[in-house]
Amino acid sequence: TLFVSLLSLLCLQKSPVLCIGEEQPKNCFTELQVLKGHFDIVRFLVQIDDFRCASAGDDGLVLVWNVETGERLQELRGHSQQITAITTITCKNEVTLNTSLITASSDRSLSLWDPDTGNRVQTISDLHSSVKCLLVLERLCVWLSGGEELCVWNRDFQLQSLIELPKNYIAAAMDKKISKISADSSVSVAEIRCLSDHQDQIRALINVNDGFFASGSHMGELILWNATEWNLLAYEHILWEESQAYNQTEIRMGAPKPSEMSIQHLTTNGNLILAAVGSGLYVYSIQTRSVVAYRKVAHDSNVLHTMLLSDSELMSCSEDGSVRMWEIQDLPLPAEPASSGFFGMWSFGRSNKQSGPPSKKVIDIPNIRMLELTGDLIGHSGAVQMFVSFKEKGLVTCSADHLLILWKNGERQSRLRSLALFQKLEERGGL
């Protein structure tokens, strides 16, 4: 098939360590459907419901898609510059739940959209600066916009005066610091505490569960925080070392490239934290407060987005245009193949961070495991920005090549086509 031939061609150009060939028994995504409509980089995807998603990017358009058929349902036009953030907001009434879209743009405006009709319901223009992130607090019926300033809005787009924490607190990352912000029922906002444990700019901030949240910095610092007591629980710092031979003394490199150690993305399932670090992936256990699996070189370029499918399966996409599926497996002895290059280094404890804390080689950590490549989705010609999983219905990816790709389970699609054919035959009396 065209998919298999293309996969074989690209595998010849990639490291043999990461190429799994044509046979991918654990990869169910054997069919793809290309979705066209954007004319610039597509940076964002957001799930609306069980069968719809919205895409947005540098062309200022928001497109609504049916992920079962690939049909473009709505085209939302109104922004004059690139979209910088998008999220959904669900409003409850006496009968139904209505989901709307909120978008922010470099044109310094915010818009509320009805994805069912494509109409722009509300808009706010002439903001002081562009909004970079949006956060909806469903239980307070408000949402927040963050950029150079933090604003709180009600669902009617009225200004009332960034992950949600217990007891109506919010954490907002700004440069090297994290601010604890109170957002009470009166929707007033006040900074009540600031954390400054990071030594470099914070690149990722996620809510782990009701008890914890985590942050990652440009220099590879991963910090786990207590969400209620607001204190530091664990500190990990990624370093790199190179060895001439496995049993020889390690040689510390002078200065790793910032991109090799920067944490670009964090995701969690409540038990594990998956960190995208440069072109590598690291899995951190919240229970043991330690790294449990890693792949120092998971892609040919920086990893942009990740997802934990389960406690043993995960997915990542990269600037190199690939989307890859991974499985956590026991590490063979001795460790990863020598062709993988550098070994990841993690330091434990946070004492004397700036002077260089004691570090420990990843492969020397007890019970460390590795990430084995189980699927390589080849289809995009540009950097894959992110993806959204619709479980058995498929996976949607967006890219700098202006395209979306809907990846489908080939066996499921074959069964659905057969079922549809039998239904048509029955309707026609068996002809």
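The analysis underlying the following values was restricted to heavy atoms, covering all of them including side chains, and did not include hydrogens, waters or symmetry mates. Model, not experiment: these values are computed from the prediction.
Using a cutoff of 4.0 Å between basic side-chain nitrogens and carboxylate oxygens, Arg412 and Glu392 are not scored as salt-bridged. Ion pairing between a basic and an acidic side chain is recognised when a charged N comes within 4.0 Å of a carboxylate O; Glu31 and Arg417 show such pairing.
Using modelled atom types, one side-chain atom of Thr30 and one backbone atom of Gly410 make a donor-acceptor pair closer than 3.5 Å. A donor-acceptor contact shorter than 3.5 Å links the side chain of Arg295 to the backbone of Leu371. Formation of a donor-acceptor pair under 3.5 Å by the Thr87 side chain with backbone atoms of Ile102 is not found in this model. With Thr267 contributing its side chain and Met307 its backbone, the two residues share no donor-acceptor pair below 3.5 Å. Asn66 places no side-chain N or O within donor-acceptor distance of the main-chain N or O of Glu71, the cut-off being under 3.5 Å. When atom types are taken as modelled, the side chain of Gln81 and the backbone of Gly60 share no donor-acceptor pair closer than 3.5 angstrom. Under a 3.5 Å cut-off, the side chain of Ser285 and the backbone N or O of Leu272 do not form any donor-acceptor pair. Although no hydrogens or angles enter the test, the distance criterion places no donor-acceptor pair under 3.5 Å between the side chain of Ser279 and the main chain of Val297. Side-chain atoms of Asp300 never come within 3.5 Å of backbone atoms of Asp320 as a donor-acceptor pair (strictly under, hydrogens ignored). When atom types are taken as modelled, the side chain of Ser399 and the backbone of Gly382 share a donor-acceptor pair closer than 3.5 angstrom.
Distance OG1/Thr397 to CD/Gln385: 11.0 Å, rounded to 0.5 Å. We find the CG-CG distance between Leu274 and Leu266 to be 8.5 Å, quoted to the nearest 0.5 Å. We find the CG-CZ distance between Asp49 and Phe390 to be 7.5 Å, quoted to the nearest 0.5 Å. Atom CG of Leu63 is separated from atom CZ of Arg77 by 8.5 Å, given to the nearest 0.5 angstrom. Taken from CD1 in Ile223 to NE2 in His237, the straight-line distance is 10.0 Å, to the nearest 0.5 Å. In this structure, the separation between CG on Asn271 and CD on Gln287 is 8.0 Å, given to the nearest 0.5 Å.
Side chains of His198 and Glu221: a donor-acceptor N/O pair is present below 3.5 angstrom, by distance only. Side-chain contact of His218 with Ser262: a donor-acceptor pair under 3.5 Å is present, judged by distance alone. Side-chain polar atoms of Thr90 and Thr99 form a donor-acceptor pair below 3.5 angstrom.
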>> Under the criterion side-chain contact (heavy atoms from CB on, under 4.5 Å), I'd like the reasoning laid out for Arg120 against Thr103: C-alpha separation, chi angles, the key distance, then a yes or no.
In response: CA-CA 10 Å; Arg120 182 155 63 170; Thr103 56; over 6 Å; no
> Hey, mind stepping through Arg43 and Ile83 against side-chain contact (heavy atoms from CB on, under 4.5 Å) and telling me if it holds?
Replying inline: CA-CA 8 Å; Arg43 298 188 185 275; Ile83 305 295; over 6 Å; no
>> Apply side-chain contact (heavy atoms from CB on, under 4.5 Å) to residues Thr88 and Leu101 and explain how you reach the verdict.
In response: CA-CA 5 Å; Thr88 59; Leu101 292 170; 3.7 Å; yes
> Taking it one step at a time, do Val388 and Cys53 satisfy side-chain contact (heavy atoms from CB on, under 4.5 Å)?
Replying inline: CA-CA 8 Å; Val388 172; Cys53 74; 5.5 Å; no
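Two residues are said to be in side-chain contact when any heavy atoms from C-beta on lie closer than 4.5 Å; Leu377 and Asn27 meet this criterion. Residues Val303 and Arg324 fail the side-chain proximity criterion, which asks for heavy atoms closer than 4.5 Å. Using a 4.5 Å cut-off on side-chain heavy atoms (C-beta onward), Met325 and Phe29 make contact. You'll find the side chain of Ile202 reaches within 4.5 Å of the side chain of Ser215, heavy atoms only. Tyr284 places a side-chain heavy atom less than 4.5 Å from the side chain of Arg289. Residues Cys28 and Glu411 form no side-chain contact, since every pair of their non-hydrogen atoms from C-beta on lies 4.5 Å or further apart. Two residues are said to be in side-chain contact when any heavy atoms from C-beta on lie closer than 4.5 Å; Asp40 and Gln82 fail this criterion. Side-chain contact between Leu224 and Ile273 is present, with at least one heavy-atom pair separated by less than 4.5 Å.
Contact between Thr84 and Ser106 at its shortest, heavy atoms only, is CG2-OG, 3.4 Å.
Between His265 and His305, the angle of the ring planes lies from 30° to 60°, which puts this pair in the tilted group.
When the options Glu372, Glu327, Glu313 are evaluated for a salt bridge (Lys or Arg N to Asp or Glu O under 4.0 Å) with Lys26, the one that passes is Glu327.
Applying the 6.0 Å contact sphere to CD of Glu75 captures more than 12 heavy atoms from other residues, nucleotides or ligands.
For Trp230 and Phe213, the ring centers sit closer than 6.0 Å to each other.
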